[in-house]
Amino acid sequence: MSRKVREIKKNFKVFCEGDTEYHYIDGMRQKLRLSITLKLVNMKGGGYSSFLESLKIDGNVNCLVKFIIIDGDRAAHEEGEKKKLRELAEYCMLQNRSGRVPHILIVNYPDFEYVACLHAPEYKGQDTGKFITKGMGYRDVGAFKSDAKIYQVLHANGKSSQIMLAALKKEDCFIVNHYEVDKKQFEIKVKTVCEWGKLGRRGSNINEYFEITNAF
């Protein structure tokens, strides 16, 4: 009798820099039962270079795609960090051109707090710190960032990721990953385009994370 071949399940990897992003993705993972490995990157002292170092030593076994979710405010205000972000983007583009595990770089500008506020229909572009305290009822931004239930909070009382995605000004994104998904072959082909002149505009290409994870 032939032995039963065990199916190997491929998963997504998400590299993120802050507790808020980590808790949000983890909440989404649990709610939607996604196969996601989360990796929290400590940027203190290294900036965007910390992500590049983490990616270079990370394995590819059973990995379908790697998402790198970062804030763009450092690069917009510090020339040295802009150079490091360029190196990170070039590394991701190299992986995508070579046909290795796709690297989807996602930049939230100015930060994930802006993306979080977009979940609420009442948010109309005002200061994110004030909206988090007055509109969402948090004591301060620190309490918001440390909330392990942030995904649930941003999907309650009329708030949702669909509202956020509809509100995003994707045409302002300085980085866009053009991708093709072959679900049968578990393959993703990616071509990354950066328009550095757009760095500093409010926006995010986080829609790509939702689109690709939903495709599988």
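Between K169 and R202 the shortest side-chain heavy-atom distance does not fall below 4.5 Å. With a 4.5 Å cut-off on side-chain heavy atoms, Y109 and R201 do not count as touching. T192 places none of its side-chain heavy atoms less than 4.5 Å from the side chain of C92. Side-chain atoms of L85 and K82, non-hydrogen and from C-beta on, never get closer than 4.5 Å to each other. Annotation: side chain of P102 is not in contact with side chain of K189 (no heavy-atom distance under 4.5 Å). Side-chain contact between H119 and S161 is present, with heavy atoms from C-beta onward closer than 4.5 Å. A heavy-atom distance below 4.5 Å is not found between the side chains of V176 and N205. In this structure the side chain of Y114 never reaches within 4.5 angstrom of the side chain of D73, judged on heavy atoms.
T37 contributes no side-chain N or O that, together with a main-chain N or O of K13, makes up a donor-acceptor pair within less than 3.5 Å. With hydrogens and angles ignored, the 3.5 Å screen pairs no side-chain donor or acceptor of K170 with any backbone N or O of A167. Side chain of Y48 to main chain of F51: no donor-acceptor pair is present (N/O by atom type, distance under 3.5 Å, no hydrogens or angles). The backbone N or O of S54 sits nowhere less than 3.5 Å from a side-chain atom of D58 that would complete a donor-acceptor pair.
Ring geometry for H155 versus Y24: interplanar angle of 30 to 60°, hence tilted.
If you chain together hydrophobic residues whose side chains sit under 4.5 Å apart, V61 and L64 never meet in one group. Clustering ILVMFWY residues whenever any of their side-chain heavy atoms sit less than 4.5 angstrom apart, transitively, puts L40 in the very cluster that holds M28. Note on L168 and I175: separate hydrophobic clusters, where clusters join Ile, Leu, Val, Met, Phe, Trp and Tyr whose side-chain heavy atoms are under 4.5 Å apart, directly or indirectly. A single hydrophobic cluster is seen to contain both F216 and L165, as judged by linkage of ILVMFWY side chains at heavy-atom distances under 4.5 Å, directly or through other members. Hydrophobic clustering, with ILVMFWY side chains joined whenever heavy atoms are under 4.5 angstrom apart, groups Y151 together with L118.
Listed by chain and residue number, Y91 satisfy the ring-ring contact (aromatic ring centres under 6.0 Å, His included) test with H103 (two or more places apart in sequence, or in another chain). In this structure, the side-chain contact (heavy atoms from CB on, under 4.5 Å) partners of A116, at least two apart in sequence or on a different chain, are F112, F144, L154.
Within the model, atoms SG of C117 and NZ of K159 stand 10.5 Å from one another, a figure rounded to the nearest 0.5 Å. Atom CE of M164 is separated from atom CZ of F210 by 4.0 Å, given to the nearest 0.5 angstrom. To the nearest 0.5 Å, the span separating OH on Y123 from OG1 on T128 amounts to 5.5 Å. In this structure, CD1 in I104 is found 4.5 Å from CG in N177, a value given to the nearest 0.5 Å. To the nearest 0.5 Å, atoms CG (N207) and CD1 (I212) are separated by 9.0 Å. Note: E113 CD to F131 CZ = 13.5 Å, rounded to the nearest 0.5 Å.
Across all non-hydrogen atoms, the minimal contact from N108 to I206 is OD1-CB, 4.0 Å. Contact record, D71 with E17: N-OE2, 2.6 Å, taken as the closest heavy-atom pair. Taking each heavy atom of S204 and C173 in turn, the nearest pair found is O-SG, 3.0 Å. Nearest heavy atoms, K145 versus D19: O-CB, 3.7 Å. In terms of heavy atoms, I69 sits closest to I25 at CD1-CD1, 4.2 Å. In terms of heavy atoms, G158 sits closest to I163 at O-CD1, 3.1 Å.
Side-chain contact, S35 with N11: no donor N or O sits under 3.5 Å from an acceptor N or O. Side-chain contact, Y179 with E211: a donor N or O sits under 3.5 Å from an acceptor N or O.
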Determine, stepwise, if the pair E87 / K84 fulfils salt bridge (Lys or Arg N to Asp or Glu O under 4.0 Å).
CA-CA 5 Å; E87 291 173 353; K84 293 178 182 178; over 6 Å; no

Check the pair L105, I70 against side-chain contact (heavy atoms from CB on, under 4.5 Å), reporting the backbone distance first and the verdict last.
CA-CA 8 Å; L105 181 59; I70 61 176; 4.0 Å; yes

Could you go through L55 and L88, starting from their C-alpha distance and side-chain angles, then the distance that decides it, and tell me whether this counts as side-chain contact (heavy atoms from CB on, under 4.5 Å)?
CA-CA 9 Å; L55 289 168; L88 175 59; 3.7 Å; yes

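Enclosure of atom CG in N157 is not indicated, since only 12 or fewer non-hydrogen atoms of other residues, nucleotides or ligands lie within 6.0 angstrom. Counting non-hydrogen atoms of neighbouring residues, nucleotides and ligands closer than 6.0 angstrom, the CD atom of E180 reaches no more than 12 such neighbours.
The side-chain hydrogen bond (donor to acceptor under 3.5 Å, both in side chains) test with N60 singles out one residue from K66, R100, Q95, and that residue is K66.
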